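These numbers come from the heavy atoms of this one structure, side chains and all, not from hydrogens, waters or symmetry mates. The structure displayed is predicted, hence computed values, not measured ones. Here is the naming used below: chain letters follow the sequence lines, and residue numbers restart at 1 for every chain.
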Amino acid sequence: MLVDLDYFYAQLEEKRNPSIKDKPVVVCVYSGRGEDSGAVATANYIAREYGVRSGIPIALAKKRLKESKDAVFLPMDREYYESVSDRIMGIFRVYADSFEQVGIDEAYLDVTQRVQGDFDEAKELACRIKNSVKEQEGLTFSVGVGPNKLIAKIAADSQKPDGLTVVRPEEVQVFLSPLPAGRIIGIGGKTAKRMEEMGINTVSDLANHDIQGLIETFGRVLGTYFHNASLGVDDSPVQERGEVESISRIATLKENTRDLDLIMEKANELCQDVYAKLVERGLTFKSVGIVVIMKDLTVHSRSKTFDTPMNQLDIVKRSAKELFEKFLNESTNEARRVGVRLSSLGKEEKIQKHITEFLGSSS
DNA sequence: GTATGCTTTCGGC
DNA sequence: TTACGGCCGAAAGCATAC
């Protein structure tokens with residue numbers, strides 16, 4: 001089954017301050033540029049009735065909520081959301097044979113063993129988990145129960161908030177066929193549009209489309225995945241996620257610029273932040289990457305990889321500077337936002353320390 | 001021909 | 001009228017190694 005916490009950030013803000021729960025609530029990421037510069041992270045269902053959605057500019061959300069008068073705009077408080085998420089995930093985990101957290105507000109629970117493959121029992125279990133989280137944290141979430149992760153996810157999406165949708169194996173075909181292809185995870189706006197151009201609108205259109213054609217258009221991995229998904233077939237296991245694979249920070253510049261010094265002023269802060277997180281988790285990095293979002297919102301990235309694991313702040317800063325400098329030489333536009341990313345992460349261990357010391361002392 | 005690793009882009013939340 | 005975040009993982013596309 002898939003569990004998905006309802007309008008998570010906004011629900012937490014309602015919980016923290018119940019007086020706002022009958023008003024439109026919009027949780028915002030302010031960029032620090034101007035009064036309303038930034039984007040919407042999420043909004044409660046009252047705000048959604050006004051057309052407020054994740055990702056739209058805050059100024060646009062304000063315009064859409066102009067006549068509601070009592071709309072509440074709050075800044076995102078990520079640390080708080082993460083701490084509550086950790087507690088709730090701890091509750092979910094107890095009910096699962098195996099557990100896989102996806103993002104801050106979603107998780108897959110394989111409960112096959114403990115309900116002995118019985119979907120009625122799975123439904124009862126879902127109710128018990130709902131009650132438990134309601135009692136302990138005062139929060140609601142939506143559940144999808146299905147024969148695999150793909151179906152569980154779509155089932156959960158089909159009834160929100162506080163939903164509970166069960167799709168039994170014999171119901172999969174009827175459930176899936178009429179849905180828009182975009183309901184399949186991995187088919188976002190861009191892919192949906194390409195499919196539309198191929199005459200694919202519903203999952204049933206996708207199921208009837210030649211698999212070779214899909215592979216030619218979307219590549220082997222995705223083409224095969226889309227074909228199987230259209231038939232409700234998915235054998236990916238519910239498995240615990242390991243260490244994070246990358247640590248990144250991105251921020252909006254005070255003003256658009258292509259001045260390396262101004263960019264590095266901000267970038268050095270970002271380097272320190274990602275480095276602090278790296279040390280906190282006891283990790284090393286092999287790759288340093290930068291990302292630049294230009295004033296026209298196009299996204300560009302560059303990265304460099306070392307032969308051995310690294311663990312020094314200075315390396316991060318110097319690599320970032322080198323990459324920004326190189327990138328500026330290749331572009332003519334002004335930068336609006338810049339980011340720093342560490343990847344190819346590894347655990348800091350004795351052997352790696354020795355290698356670092358050896359290289360450090362011999363050079 | 002297959003496996004593996006690196007760079008960049010895509011897109012979910 | 002326009003307006004525009006900050007993360008993350010996955011995949012394509014390419015190069016290289018065996």
Notebook entry, point to check: Has the side chain of A:Asp205 got a donor or acceptor atom that lies under 3.5 Å from a matching backbone atom of A:Thr202?
Noted result: yes
Next item on the list: Measure from the side chain of A:Arg249, starting at C-beta and using heavy atoms only, and say which of C:dA3, C:dC7, B:dT8 lies closest.
Entry: C:dC7
Item checked: Atom pair distance, as rounded to whole Å: CG in A:Asp77 and P in C:dC7 -> 14 Å
Note to self: Let's test your reading of the model: under 3.5 Å, does the base of C:dG9 pair with the side chain of A:Arg341 as donor and acceptor?
What the structure shows: yes
Check: Within less than 4.0 Å of OP1 or OP2 of B:dC13, is there a side-chain N or O belonging to A:Ser54?
Finding: no
Margin query: Any side-chain N or O of A:Thr305 below 4.0 angstrom from OP1/OP2 of B:dC6?
Written below: no
Check: Nearest nucleotide by nearest heavy atom, which residue falls closer to the 5' end of DNA chain C, A:Arg337 or A:Lys277?
Finding: A:Arg337
Checklist line | A:Ser344 or A:Asp4, whichever maps to the more 5' nucleotide of DNA chain B | finding: A:Ser344
Margin query: Without decimals, in angstroms, what is the distance between A:Ile56 CD1 and B:dC13 P?
Written below: 18 Å
Item checked: side-chain N/O A:Ser246 vs C:dG9 OP1/OP2, d < 4.0 Å -> yes
Item checked: Gap between atoms CD and C1', on A:Gln101 and B:dG12 respectively (whole Å) -> 15 Å
Margin query: Taking the six-membered ring of A:Tyr45 as reference, does the cationic atom of A:Arg48 (NZ for Lys, CZ for Arg) lie under 6.0 Å from its centre and within 45° of its axis?
Written below: yes
Checklist line | Geometric cation-pi criterion A:Arg168 and A:Phe175, 6.0 Å radius, 45° cone | finding: no
Check: Once you round it to whole Å, what is the distance between C1' of C:dG5 and CE of A:Met294?
Finding: 18 Å
Check: Hey, does A:Asp36 reach any base, or is it just sugar-phosphate, or nothing, if we go heavy atoms under 4.0 Å?
Finding: nothing
Margin query: Tell me the interatomic distance from A:Lys326, atom NZ, to B:dT7, atom P, rounded to whole angstroms.
Written below: 9 Å
Check: Within the distance-only criterion (no hydrogens, no angle test), does the side chain of A:Glu13 pair as donor or acceptor with the backbone N or O of A:Leu74 below 3.5 angstrom?
Finding: no
Next item on the list: Mark yes or no for whether A:Thr42, through its side chain, and A:Ser54, through its backbone, hold a donor-acceptor pair below 3.5 Å.
Entry: no
Item checked: Value in whole Å for how far the P atom of C:dG6 lies from CZ of A:Arg33 -> 10 Å
Item checked: Rounded distance in Å - CD (A:Glu106) to C1' (B:dG12) -> 9 Å
